[in-house]
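Here the structure is laid out as structure tokens; the discussion comes afterwards.
The model shown is predicted, which means the values in this text are computed figures rather than measured ones. Naming: A, B, ... by sequence-line order, numbering from 1 per chain.
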Amino acid sequence: MPPSNGRPGEKRVRPDYEGRPPDTASAGDVLLWIPRIALYPVHLTLNWLVRKPIVWAITRAEANYLFTRVENALTFFNGKATLFPTFLADFGLNPAVGLAYTHNDLFADGNTFALSVAVWNPEEWLRVAVRNEQLALNDDSGLFVLEGEFLRRPDQVYYGLGADTRTDDERIYAIERAEVGFELFATLHELNKISFRTRFRSVTFDNENARAPALGRTLNLNGEPLERPGAIAFGTPETIPGFDDRYQLLEHRIHLMLDSRSPDTQYEGGTGLRFEAFGSFEWDPTQTSLHFFRVGGEVSAFYDFSGNGHVAGIRAYTEFLLDGVSEGEVPFTELPQMGGNEGEVPFTELPQMGGNEVMRGYLPGRFVGKYAVAVTGTYRYPVWSLLDAEIYGSIGNAFGTPDEVNGNPIVGDGSQRFSVKRLYAAGGIGLRTNLDRDTALSILFGLGTNRFDSSDFGIDSIRFTFGVTQGF
Amino acid sequence: MRRLGLLLLFAALTVSACRGGVRRFPLAPPLWVDNDMNHVPERPSKYYSGLLADGADQMVFRPLAYGFALPMPGESVNVNSMDEVPNSAWFTNRIGMFEMTPEEAYQGACGDDPPLSADQAPWTVTAAKPNGANPGFFIKAADGRRYLLKFDSPLQPTRATGSDVFGSKVYHAAGFWTPCNEVVFFRSDILKIDPEATAENALGQDVPITNADIDKVLSSAFRDKNGVLRASASRFVPGRPIGPFKYEGTRGDDPNDVVDHQDRRELRGSRILAAWINHFDSREQNSLDVWIKAKDDHTYLRHYFIDWGDSLGGRWPFDQISRRLGRSYYWDWRHFFTDLISFGFIPRTWNRLQINPFDQFGYFDGPTFTASKWKGGYPNPAHDRMSVRDALWMVRIISNIEERHVRAMVKASRFPDPRLTEFIVKRLMQRRQRIFEEYLTKYSPLSNFQVARRTPGSKVQSFCFENLALKHGVANLEHTYYKMRFRGGRRLGPRENLSDEELGWLQFRPDLEHPHRACVVLPVGHRRPADLAKNAPDNDPLRYGILDIFVHQTRAVRPTSETRIHFYDLGHERGFQLVGVERPTQPILPDLY
């Protein structure tokens with residue numbers, strides 16, 4: 001064994017491995033010291049105040065099985081039940097924190113029970129949702145769902161109805177909604193699905209509880225009188241259908257999704273067609289004059305030009321509200337007025353766009369009208385194993401207001417007629433998980449414009465969203 | 001700050017002007033043993049390495065912090081004058097330094113010891129880890145030896161156990177310390193639970209082992225059609241384990257540890273070895289420091305590599321991840337941002353991979369493999385600092401691992417189907433060839449330098465070397481020739497300094513009878529340094545000579561690489577003594593070439 005060349009407790013002397021003088025620094029090496037010295041404080045800060053403490057904390061947590069302990073603390077009944085915290089951040093709206101509880105095989109094999117509670121200020125922001133799923137067919141392709149939800153939020157936004165709305169005219173209102181219903185859900189083949197749903201909901205508006213400027217007031221965001229109250233039907237709360245009132249609706253809905261793409265997202269190629277259609281009949285059991293049909297759907301085409309998830313897509317979405325249909329002969333554009341206090345369809349039940357699905361780049365409910373149309377072009381491409389980037393551009397708008405002459409939202413004075421120049425544009429870029437073809441968790445930065453025919457056409461809305469998207 | 005900048009600029013100009021003197025090697029034998037096995041009387045503390053913590057550190061926090069430190073690239077520290085690594089507690093020169101038979105390669109760290117077999121029943125289970133990603137248990141065979149038993153996953157039957165054994169053999173042959181890993185077959189009825197045995201539960205607590213723990217581990221293990229279980233048995237290494245070693249810095253409580261690990265050539269160069277077998281899990285958790293007792297209660301730390309169960313095409317449950325293993329980190333900032341801003345138009349190798357016909361081996365591919373672009377699961381500080389010279393060092397070692405060795409080591413993996421064995425041998429040889437194509441055609445392919453008397457007692461000396469590019473068929477013999485320039489003198493410079501005394505030039509083509517081996521008579525040219533030195537002492541600078549060997553392997557006028565051989569000329573009687581080898585990354589040509 002070689003002799004020690006260092007004293008006990010001291011480092012040995014490093015051998016001279018090559019036996020020749022060290023290489024001298026080059027001019028480049030010396031010059032590199034200028035940025036090194038300049039950036040050294042940043043390095044020190046990041047290394048000792050960020051890196052080391054965080055890595056130390058994670059190491060200690062692992063060494064003490066903290067993650068397992070937390071998991072165990074939130075897992076019950078041999079792993080069949082789980083409790084986990086939730087956090088909802090919807091920029092521009094109030095956040096919420098909560099807890100979600102799921103329990104598999106609670107009432108029977110194949111049963112999944114879920115309960116979630118989210119809250120910010122309980123008097124203003126509260127959501128309680130319960131859902132019970134039961135496999136209904138032997139091959140797991142059928143699902144029977146019972147669900148209920150109570151929602152109270154003070155931060156719902158309203159920009160007006162119809163084709164000419166502005167982001168500047170944002171108003172806030174509070175809502176309280178209770179829903180209960182059941183759904184039968186069947187997978188026909190792979191991504192092809194059909195569902196039937198019946199739901200009862202009761203909605204109450206709470207104008208007093210809303211943040212200023214509230215919907216029932218005539219001031220804009222700066223507390224000044226609205227410049228265009230007529231255009232967006234503000235200033236006279238009674239002109240906003242359904243507002244300052246409460247209503248109940250019973251909904252019967254059918255939803256069909258046909259998708260030719262492979263459900264396997266792992267290098268299966270994403271070329272295909274997708275067709276989605278839904279229709280519902282909704283009526284107020286206490287007020288028979290309030291009843292209407294809702295129809296809509298989306299047609300999408302996707303082309304994966306690399307076969308590896310570089311997918312260009314185009315999607316056309318529309319949704320109509322048909323109220324008081326009679327004889328089945330009258331075109332929907334000629335249908336009777338839906339406004340009026342009696343039988344008036346509440347504005348919250350009108351087709352809406354914005355949020356995480358259609359016309360992203362705007363807050364949910366940015367576009368509300370009697371019918372809504374949007375066309376979206378997308379390009380998706382992989383940027384990481386489990387993550388795709390997505391670029392999108394949309395044009396669309398909601399048309400039709402109850403103020404239209406003779407209840408004809410299309411004809412009227414023409415201001416609600418569909419026209420390309422009356423559309424809005426939205427675009428953005430985001431990241432989304434790619435594990436599931438049908439549903440993804442996404443982060444998105446979006447921009448929205450004001451209307452094409454605006455004299456000051458430009459960016460009118462900036463939005464950062466984080467949430468679940470479906471059907472892409 | 002401005003004054004400091006001017007000062008540094010002045011320093012840079014001064015340094016630039018001062019560079020010019022040759023760095024002479026001493027007239028001394030190369031350092032072949034690094035004395036880092038000095039007595040360490042107290043057992044160093046145990047080091048706990050967290051899986052998440054290390055991954056997060058290497059993928060996120062370390063790049064974040066060190067991105068602003070602008071670390072200097074630099075060559076490895078523990079490199080001797082022959083451009084090789086001395087033996088140490090980290091590494092021992094084996095294949096290449098000595099002839100290794102296929103039988104020795106097959107045995108690896110197991111040596112002549114009899115292998116573990118079911119005949120040594122009962123196997124007493126002493127501890128178990130039924131949970132986690134790699135369940136297994138510890139056994140004590142009837143002969144008293146202890147092993148860790150690990151099993152295959154249902155996704156890739158026989159691969160993990162086979163690759164764990166193959167990896168241990170190939171790392172051992174290359175010179176690293178490894179445990180003795182073997183594939184074993186047994187029936188579960190030879191297992192006997194030690195009454196004192198404990199199993200580690202999910203919270204890391206030791207609880208008594210139950211049959212359920214054993215059954216849980218065995219439930220997903222591979223069994224042949226007769227129900228015989230297959231496992232890899234990793235024999236306990238001698239000494240007290242004290243946790244993994246880190247790939248950066250040094251251990252404060254090991255007085256022998258004086259070279260930053262990220263600057264150890266064997267750790268840097270192990271990247272090429274890991275790339276060869278796609279050992280993407282080459283993180284610090286797959287290493288082990290052991291406080292080992294040698295003779296006379298002499299104790300020190302030895303550093304082991306362990307666990308190669310990911311190699312030879314290991315896959316993850318997600319295909320998107322499996323395809324990237326070895327090509328992209330689990331989270332790869334560079335790939336993420338380049339793909340994001342290029343809208344995914346940069347062609348990526350992993351997108352066009354096909355799974356192997358024997359899908360046990362996943363995406364362990366040959367044609368698309370590029371060693372220099374290989375990446376582990378997440379960044380490794382030593383791998384990240386690998387220089388071309390470090391890579392070439394490992395390439396030279398791998399060049400000595402021939403097909404007969406590979407075949408013997410794969411045989412130790414005991415794959416159930418000879419077609420699997422044949423496939424993996426061919427694939428390994430294909431990847432080995434890809435490594436040679438990449439490194440030996442761009443950088444110095446020369447190796448095994450020797451100065452020898454032509455005949456015993458003769459005063460005529462020959463200088464011989466091997467061209468590994470020709471030996472392994474990655475260079476075209478027709479295009480290959482050498483230009484040698486021998487220089488010396490008082491003003492000997494490191495580069496194209498014409499003030500050198502140019503002692504001679506020589507140009508020649510490889511001998512067709514043995515093209516990969518070439519010899520020239522020394523001195524090259526008519527003059528030799530000893531003529532300049534006259535009666536100067538042996539280590540006088542005038543006795544120093546440098547032989548620049550420019551290797552041409554293409555039609556281009558510019559050579560593909562340069563190798564510098566440093567000599568002392570001790571006169572006609574004692575002749576030339578080779579004292580140093582340099583392999584510059586790029587050839588530096590004299591003004592007149």
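Heavy-atom minimum distance, B:Arg315 versus B:Ser322: CB-OG, 3.5 Å.
With ring centers used as reference points, B:Phe336 lies under 6.0 Å from B:Trp331. Taking the six-membered ring wherever Trp is involved, the centroid distance between the rings of B:Phe280 and B:Trp316 does not fall below 6.0 Å.
Between chain A and the options B:Leu31, B:Asn80, B:Leu52, B:Val40, heavy-atom pairs under 4.5 Å are most frequent for B:Leu52. Counting heavy-atom pairs closer than 4.5 Å to chain A, the top residue among B:Val77, B:Thr250, B:Leu64 is B:Val77. For the set A:Thr45, A:Asn47, A:Asp16, A:Asp388, the entry with the most heavy-atom pairs within less than 4.5 Å of chain B is A:Asn47. For the set A:Leu387, A:Val50, A:Ile429, A:Leu386, the entry with the most heavy-atom pairs within less than 4.5 Å of chain B is A:Leu386. When each of A:Pro41, A:Ala389, A:Ala63, A:Ala61 is scored by its heavy-atom pairs under 4.5 Å with chain B, the top score falls to A:Ala63. When each of A:Trp48, A:Phe67, A:Tyr381 is checked for heavy-atom pairs under 4.5 Å with chain B, A:Tyr381 comes out on top.
Residues meeting the side-chain hydrogen bond (donor to acceptor under 3.5 Å, both in side chains) test with B:His335, sequence neighbours left out: B:Ser328, B:Asp332. Listed by chain and number, the residues in a side-chain hydrogen bond (donor to acceptor under 3.5 Å, both in side chains) with B:Glu266 are B:Asn78, B:Arg264 (sequence neighbours excluded).
With a 4.5 angstrom heavy-atom cutoff, B:Tyr330 touches chain A only via backbone atoms. Looking at B:Pro86, only its side chain comes within 4.5 Å of chain A, counting heavy atoms on both sides. Only the side chain of B:Glu582 comes within less than 4.5 Å of a heavy atom in chain A; its backbone stays farther off. Looking at A:Leu66, neither its backbone nor its side chain comes within 4.5 Å of chain B, counting heavy atoms on both sides. There is no contact between A:Leu44 and chain B, counting heavy-atom distances below 4.5 Å. Both the backbone and the side chain of B:Arg62 come within less than 4.5 Å of a heavy atom in chain A. For chain A, the nearby part of B:Pro71 is the backbone; its heavy atoms alone come within less than 4.5 Å. Heavy atoms closer than 4.5 Å to chain A are found in both the backbone and the side chain of B:Ala69. Contacts between A:Asn434 and chain B at a heavy-atom distance below 4.5 Å involve backbone atoms as well as side-chain atoms. Looking at B:Asp257, both its backbone and its side chain come within 4.5 Å of chain A, counting heavy atoms on both sides.
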Exercise for the section: Starting from the C-alpha separation in whole Å, work towards a yes-or-no answer on salt bridge (charged side-chain N to carboxylate O under 4.0 Å, His left out) for B:Arg265 and B:Asp83. Expected result: CA-CA 10 Å; B:Arg265 173 172 274 187; B:Asp83 200 18; 3.0 Å; yes
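By the 30° and 60° cut-offs, the orientation of the rings of B:His39 relative to B:His298 is tilted.
Within the 3.5 Å criterion, the main-chain N or O of A:Asn64 finds a donor-acceptor partner in the side chain of A:Arg69.
No side-chain N or O of B:Tyr66 forms a donor-acceptor pair with one of B:Glu248 less than 3.5 Å apart.
The pair A:Arg12-B:Asp34 meets the salt-bridge criterion, with a side-chain N (NZ, NE, NH1 or NH2) lying under 4.0 Å from an Asp/Glu carboxylate O.
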